[in-house]
Structures are given as C-alpha cells and as structure tokens.
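All heavy atoms count here, side chains included; hydrogens, waters and symmetry mates do not.
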Amino acid sequence: MNYLKQIFAATAALAAVLLSSCQSQKYSYGKDIPPRAVVRNGVVVTLNDQKLTLLQNGKKVKDYKVSTSKFGIGNSRGSRRTPTGIHAVSQKTGDGQPKGMVFKGCRPTGEVVPVDADGRDPVVTRVIQLAGLEDKNRSTHSRRIYIHGTPEERYIGRPASYGCIRMKSDDIVDLFQRVNRGTPVAIEMCSQKTYMAAEMKPDIGRIVVPQSVVDKLPTDSMRFRPSYRSGRRSYHRGSRLARRSSGSARRRVASTRTRKRR
C-alpha cells in the first residue's frame with residue numbers, strides 16, 4: 001500500500017513539473033534581449049518577467065507585476081499584440097475616480113466593477129495613454145495601447161491582455177501619481193534583471209524625450225484617427241459615392257414621374 005502511495009505521489013509530482021513547464025513555455029516571450037539604450041528616469045516594461053519598473057537616476061524606485069498581450073508582441077493594427085520600443089505617456093485619465101470605475105474611450109461610464117467580477121473584462125480605475133516614438137511603433141496611440149487597471153487581477157503576472165499593459169487597481173493608482181505627460185516608457189524583450197544590468201553600463205545610450213517632442217504628443221484618443229491622411233481620403237471618397245448614389249436615385253425617380261405625366 002505504501003509502495004502504491006509513493007508511486008502516486010511521484011506521478012503527481014512529475015505531472016506538476018510538466019504542467020509548470022508547459023505553462024512557462026506557453027507564456028514565454030522568447031529570448032532575453034538586452035536593451036540598446038535605457039531609461040534613466042521613467043518606466044520600463046520587461047516582457048519576459050511581466051514587470052513594470054519605475055526608474056530614477058537609473059535605479060529602481062518601485063516595480064509592479066503586469067499583464068501584457070497573450071498574442072505576443074507586434075505593432076500592426078488589429079494584431080492585439082503589445083508593441084515594443086520607446087514610448088512616452090501622452091495623456092492620463094481618471095484622477096479622482098473610484099477603483100473599479102469602467103472607462104470607455106478613456107471616459108468614465110459611471111459603472112464600478114469589483115475585482116475578478118465574473119464575465120467582465122473592461123478598462124478600469126485609471127488610464128495612462130501611450131504614444132510610440134519610433135517608426136516601428138508610431139501606431140501605438142491610434143491602436144489605443146494603454147497602461148490601465150483591470151478587474152481580472154488573477155491573471156496579473158502573465159500575458160493575458162489584448163495588447164495593453166494591465167495592472168492591479170491599487171498599482172495603477174500608485175503609478176498614475178508618479179508619471180506625467182512625456183514620461184518615457186520603454187517596452188523591452190528582456191527581464192528586469194537584464195535591463196538593470198544594462199543600466200550599469202557606462203557606455204550605453206540614454207533615453208530622453210525632448211520637450212519639443214512632448215509638446216507634439218497626441219492627446220484626445222477619442223478623436224484620434226488611425227491614419228489622418230488615409231482616414232480622411234476614405235471618408236470623403238465614401239461621401240462622394242453616397243452623394244452620387246443619392247443623386248442618381250433622385251434622377252431616376254424624377255424621370256419616372258415625368259413618364260407617368262406623359
């Protein structure tokens with residue numbers, strides 16, 4: 001009997017190890033790639049360990065567990081992936097709102113959702129909007145990639161989002177008070193340990209967002225078009241087609257009435 005119990009115990013332990021290994025592979029972002037430049041004063045999100053670190057003079061002030069995209073990394077619209085590279089805080093929304101307040105289009109709805117509410121996965125508590133500063137991530141703002149609170153706090157610490165960077169409500173409230181418009185935010189394919197090791201290198205580049213760039217950061221994402229130029233062309237083209245169609249319909253109706261009179 002004892003022999004069978006030992007076999008069952010060993011089997012259960014092996015199954016637990018295999019399950020843990022599968023989960024770590026499922027949520028792995030890949031290689032631990034050191035950054036080419038570092039944020040001295042600002043924020044870094046390290047994807048490989050799902051952490052957000054607040055830095056001051058190259059030293060860690062505070063860190064938080066986060067949840068990035070379960071679809072991996074990417075900058076394409078519609079990909080639902082978390083972008084990488086250098087960003088900046090473009091706007092903050094939600095100051096003074098209660099924890100769990102639901103936001104749509106960066107505006108509070110008046111609904112408050114409790115932590116881990118069944119069947120609910122909205123943006124809650126606070127919204128920190130991001131704008132990409134590199135060619136590869138220029139679409140970050142129009143994609144509405146935010147740092148925001150989530151009621152699904154049970155998933156924090158592993159990839160589970162649709163592109164955004166999710167935080168616990170208590171954590172996003174704390175971070176909200178520590179960052180401002182223009183604060184640099186680096187999203188990197190590495191661990192916090194690798195990033196902090198790079199901070200110590202004297203010859204590595206430093207990431208600074210000039211005031212001239214801060215002044216040009218987008219603000220109201222409710223009215224921000226995915227592409228100003230292409231969006232405006234498609235809209236006007238659609239309007240002209242609609243006017244032509246309606247004009248043709250009016251002419252057909254007029255000609256029919258004329259024939260009836262005759």
**Report entry** Atom CG of Asp203: over 12 foreign heavy atoms under 6.0 Å
**Finding:** yes
Report summary line: In short, Ala160 meets Ser67 closest at the heavy-atom pair N-OG, 3.1 Å
Query raised in the report: Hey, any chance Val208 and Leu130 share a hydrophobic cluster, counting ILVMFWY side chains that come within less than 4.5 Å of each other, even indirectly?
Result: no
Query raised in the report: Which pair of heavy atoms, one from Ser169 and one from Gly100, lies closest together, and at what distance?
Result: OG-N, 4.2 Å
Query raised in the report: Taking it one step at a time, do Thr194 and Glu188 satisfy side chain to side chain contact (heavy atoms under 4.5 Å, CB included)?
Result: CA-CA 10 Å; Thr194 298; Glu188 296 288 349; over 6 Å; no
Query raised in the report: Is the backbone N or O of Ser69 less than 3.5 Å from a side-chain atom of Arg80, with the two atoms forming a donor-acceptor pair by type?
Result: no
**Report entry** Backbone of Asn48 reached by a side-chain donor or acceptor of Asp32 within 3.5 Å
**Finding:** no
Query raised in the report: Would you say Pro34 and Cys190 make side-chain contact, with heavy atoms under 4.5 Å?
Result: no
Requested in this report: Please tell me if the side chains of Ile187 and Ile165 come closer than 4.5 Å, counting only heavy atoms from C-beta onward.
Outcome: yes
Query raised in the report: Do other residues, nucleotides or ligands put more than 12 heavy atoms under 6.0 Å from Lys59 NZ?
Result: no
Query - Worked check of side chain to side chain contact (heavy atoms under 4.5 Å, CB included) between Tyr64 and Asp174 - result: CA-CA 10 Å; Tyr64 317 83; Asp174 183 67; 2.6 Å; yes
Report summary line: Val214 and Gly182 have their tightest heavy-atom pair at CG2-CA, 3.8 Å
Query raised in the report: What is the distance from atom CD of Gln129 to atom NE2 of His87, rounded to the nearest 0.5 Å?
Result: 13.0 Å
Report summary line: Rounded to the nearest 0.5 Å, the CG atom of Asn137 sits from the CD1 atom of Ile73 at a distance of 11.5 Å
Query raised in the report: Has Lys92 got its NZ or CZ under 6.0 Å from the middle of the six-membered ring of Phe176, at an angle within 45 degrees of the ring axis?
Result: yes
Query - Hphob cluster co-occupancy, Val89 + Leu52, side-chain heavy atoms under 4.5 angstrom - result: yes
Query - Point-to-point distance, once rounded to the nearest 0.5 Å, from OG of Ser76 to CZ of Arg81 - result: 8.0 Å
Query raised in the report: Looking only at atom types and distance, does a side-chain atom of Asn41 sit under 3.5 Å from a main-chain N or O of Asn57, one as donor and one as acceptor?
Result: yes
Query raised in the report: Is the backbone of Asp49 close enough, under 3.5 Å, to the side chain of Thr46 for a donor and an acceptor to pair up by distance?
Result: no
Query raised in the report: Should Met189 and Ile86 be regarded as members of a common hydrophobic cluster, given that ILVMFWY residues are connected when their side-chain heavy atoms come within less than 4.5 Å of each other, either directly or indirectly?
Result: no
Report task. Test side chain to side chain contact (heavy atoms under 4.5 Å, CB included) on Arg181 and Thr219 and set out the steps. Result -> CA-CA 10 Å; Arg181 177 174 163 84; Thr219 52; 3.5 Å; yes
Query - Glu153 side-chain N/O to Asp116 backbone N/O, donor-acceptor pair under 3.5 Å - result: no
Requested in this report: Look at Glu199 together with Arg40 and state whether they make a salt bridge at an N to O cut-off of under 4.0 Å.
Outcome: yes
Report summary line: Note: with side-chain heavy atoms under 4.5 Å as the link, the other cluster members for Val124 come out as Val102, Val113
Requested in this report: Using side-chain contact (heavy atoms from CB on, under 4.5 Å) as the criterion, point out the one residue from Ile147, Ile128, Val173 that pairs with Met167.
Outcome: Ile147
Query raised in the report: Between OG1 of Thr53 and CD of Gln192, what distance do you get to the nearest 0.5 Å?
Result: 3.5 Å
Query raised in the report: Taking atom CD of Gln97 and atom CZ of Phe103, what is their separation to the nearest 0.5 Å?
Result: 5.0 Å
Query - Gln50 vs Thr68, side chain to side chain contact (heavy atoms under 4.5 Å, CB included): CA-CA, chis, key distance, verdict - result: CA-CA 7 Å; Gln50 297 289 285; Thr68 58; 2.8 Å; yes
Report summary line: Residues Gly105 and Arg144: closest non-hydrogen pair is CA-NH1, 4.2 Å
Query raised in the report: Short question: side chain of Arg206, backbone of Ile204 - any donor-acceptor pair under 3.5 Å?
Result: yes
Query - Rounded distance (nearest 0.5 Å) linking atom NE2 of His141 with atom CZ of Arg143 - result: 13.0 Å
Report task. For residues Ala37 and Tyr195, report the shortest heavy-atom separation together with the two atoms involved. Result -> O-OH, 4.0 Å
Query - Side-chain (Asn75) to main-chain (Arg138) donor-acceptor, under 3.5 angstrom - result: no
Query raised in the report: Looking only at heavy atoms, which two atoms of Ala88 and Leu133 are closest? And how far apart?
Result: CB-CD1, 4.0 Å
Query raised in the report: With the 4.5 Å side-chain cut-off for hydrophobic clustering, are Ile172 and Tyr155 part of the same group?
Result: no
**Report entry** Note: Arg166-Asp121 ion pair, threshold 4.0 Å (strictly below)
**Finding:** yes
Query - Joint hydrophobic cluster, Val44 plus Met196, side-chain heavy atoms closer than 4.5 Å - result: yes
